[in-house]
2 protein chains.
Amino acid sequence: MAANSRFAVAVHALAVLAWHTQAPCSSREIAASVATNAVVIRRLLGQLARAGVVEASYGARGGFRLARPAAKISLRDVYAAVEEGGFFALRETLNDKCPIACRMKSILNDVFSRVEAKVLPELKRTTLADIVDDIETVA
Amino acid sequence: MAANSRFAVAVHALAVLAWHTQAPCSSREIAASVATNAVVIRRLLGQLARAGVVEASYGARGGFRLARPAAKISLRDVYAAVEEGGFFALRETLNDKCPIACRMKSILNDVFSRVEAKVLPELKRTTLADIVDDIETVA
DNA sequence: TCTAAATGCAACTAGAATTGTTACATTATG
DNA sequence: CATAATGTAACAATTCTAGTTGCATTTAGA
């Protein structure tokens, strides 16, 4: 795929927020840790804010905070917020006269559903609190 | 088009091969069912040939055949052959001075490993024979 | 009240990936 | 020997991602 790293960046950004809980973090600070542009962070955290995962405060001394405790934010929440497409893409146009082609959409959708049904619970098992624990253990 | 459809096209192409077992199928015939260009099919089936999933025969009346019975070819085999990258991408450059950034690569790799460990067995459960069964049932 | 610092957002660019296409060398059938 | 097929290179069109700039808006604090 055009290998998008939104999920990785989102998890990283949220880990920063879960780590620095004293005050809001600015997109500039987070961008420094991720090594990207502050606007990229604002775009991603904007999606997460719309999903209710983070909250933004405007003005000086503003920035982003987690909207709820880190233990209540799972990677499934992050995935759902930032990754709109599924794992695989289907083709929209096929040869309608071919009996095989006619069944492919349904067959592949079933496969993708079964895969997602395995992936989402796995993502749900990891929370931001787990990630902070990992960082604290090593640091 | 970041979401690549190689997996979907590969499964479709293999379903055609599993359906027409009498003689080799040409890339042109398969492309007609998938509604794409024959070269696209040859590229994909080339990967699958290198993985030992299909066999190509040259010359007139040539084309592609499955290298083993459809029941012995799982979607995991297809996935492994055509999808080189994982589900998510990591960032290669981070801020080495940030303790959070330093742990992210390891943390995300763990997450991705756990996800793959759920996905691959699920893909393994479906074979081309299952897909042919589905098509036969409806057709 | 004013300044500094922050988000939100629009617009644009650069680069890469995907897909489609043409062309041609090679190979095998009959 | 003609036909039909794969393998592969080269290129174009489209789309996505990420980065960047600029600016309106908002807020904290001196």
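What's counted below: heavy atoms across the whole structure, side chains too, no hydrogens, waters or symmetry copies. Chain naming here is simple, since letters A, B, ... match the order of the sequence lines and numbering starts at 1 in each.
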Exercise. Does any N or O in the side chain of Thr127(B) come within less than 3.5 Å of the main-chain N or O of Ile73(B), such that one atom is a donor and the other an acceptor?
Worked result: no

Exercise. Can you check the Gln47(A) CD to dC9(C) C1' distance for me, whole Å?
Worked result: 14 Å

For this session: Please state how far atom CZ in Arg50(A) lies from atom P in dG8(C), giving the value in whole angstrom units.
Result: 8 Å

For this session: Provide, to the nearest angstrom, the distance between the CG atom belonging to Leu44(A) and the P atom belonging to dG19(D).
Result: 10 Å

Seminar exercise, completed: Arg28(B) has its side chain closest, among dT19(C), dA5(D), dA6(C), to dA5(D)

For this session: Please confirm whether the backbone N or O of Ala35(B) pairs with a side-chain atom of Arg91(A), one donor and one acceptor, at under 3.5 Å?
Result: yes

Exercise. Considering heavy-atom distances to DNA chain C, does Ser57(B) or Ser5(B) have its closest nucleotide positioned more toward the 5' end?
Worked result: Ser5(B)

Exercise. Around Arg125(B), counting heavy atoms of other residues, nucleotides and ligands shown, do more than 12 lie under 6.0 Å from its CZ?
Worked result: no

Problem set entry | OP1 or OP2 of dT7(C) under 4.0 Å from side-chain N/O of Ser27(A) | yes

Exercise. What is the distance, rounded to the nearest whole Å, between atom CG of Leu45(B) and atom P of dT8(D)?
Worked result: 13 Å

For this session: Give a yes/no answer on whether the side chain of Arg61(B) brings an N or O atom under 4.0 Å of OP1 or OP2 in dA5(D).
Result: no

Exercise. Between Asn109(A) and Ser106(A), is there a donor-acceptor pair closer than 3.5 Å when you use the side chain of the first and the backbone of the second?
Worked result: no

Exercise. To the nearest angstrom, how far is Glu55(A) atom CD from dT26(D) atom C1'?
Worked result: 17 Å

Problem set entry | Closest nucleotide among dT20(D), dT22(C), dA6(C) to the Val39(B) side chain | dT22(C)

For this session: Grab the CD1-P distance between Ile30(B) and dA4(D) for me, whole Å please.
Result: 18 Å

Exercise. What nucleotide among dG19(D), dT27(D), dG22(D) has an atom nearest to a side-chain atom of Tyr58(A)?
Worked result: dT27(D)

For this session: Using the six-membered ring wherever Trp is involved, compare the ring planes of Phe112(A) and Phe7(B) and label them parallel, tilted or perpendicular (cut-offs 30° and 60°).
Result: tilted

Problem set entry | Arg91(A) vs dG20(C): side-chain N/O to OP1/OP2 distance below 4.0 Å | yes

For this session: Using a 4.0 Å heavy-atom cut-off across all strands, classify Gly63(B) as base, sugar-phosphate, or nothing.
Result: sugar-phosphate

Exercise. Asn37(A) side chain N/O closer than 4.0 Å to the phosphate oxygens (OP1, OP2) of dT20(D)?
Worked result: yes

Seminar exercise, completed: When rounded to whole Å, the CD to C1' distance for the pair Glu29(B) and dT6(D) reads 14 Å

Problem set entry | Position toward the 5' end of DNA chain D (nearest nucleotide), Cys25(B) or Gly62(A) | Cys25(B)

Exercise. Would you say Ser26(A)'s side chain and Glu29(A)'s backbone share a donor-acceptor pair under 3.5 angstrom?
Worked result: yes

Exercise. Nearest of dA10(D), dT8(D), dA4(C) to any side-chain atom of Arg43(B)?
Worked result: dA10(D)

Exercise. Of the candidate nucleotides dT7(C), dT21(C), dT18(C), which contains the atom at the shortest distance from the side chain of Arg6(B)?
Worked result: dT18(C)

For this session: Send over the distance from Phe64(A) CZ to dA6(C) P, rounded to a whole Å.
Result: 11 Å

Exercise. What nucleotide among dG19(D), dC9(C), dT6(D) has an atom nearest to a side-chain atom of Arg42(A)?
Worked result: dC9(C)

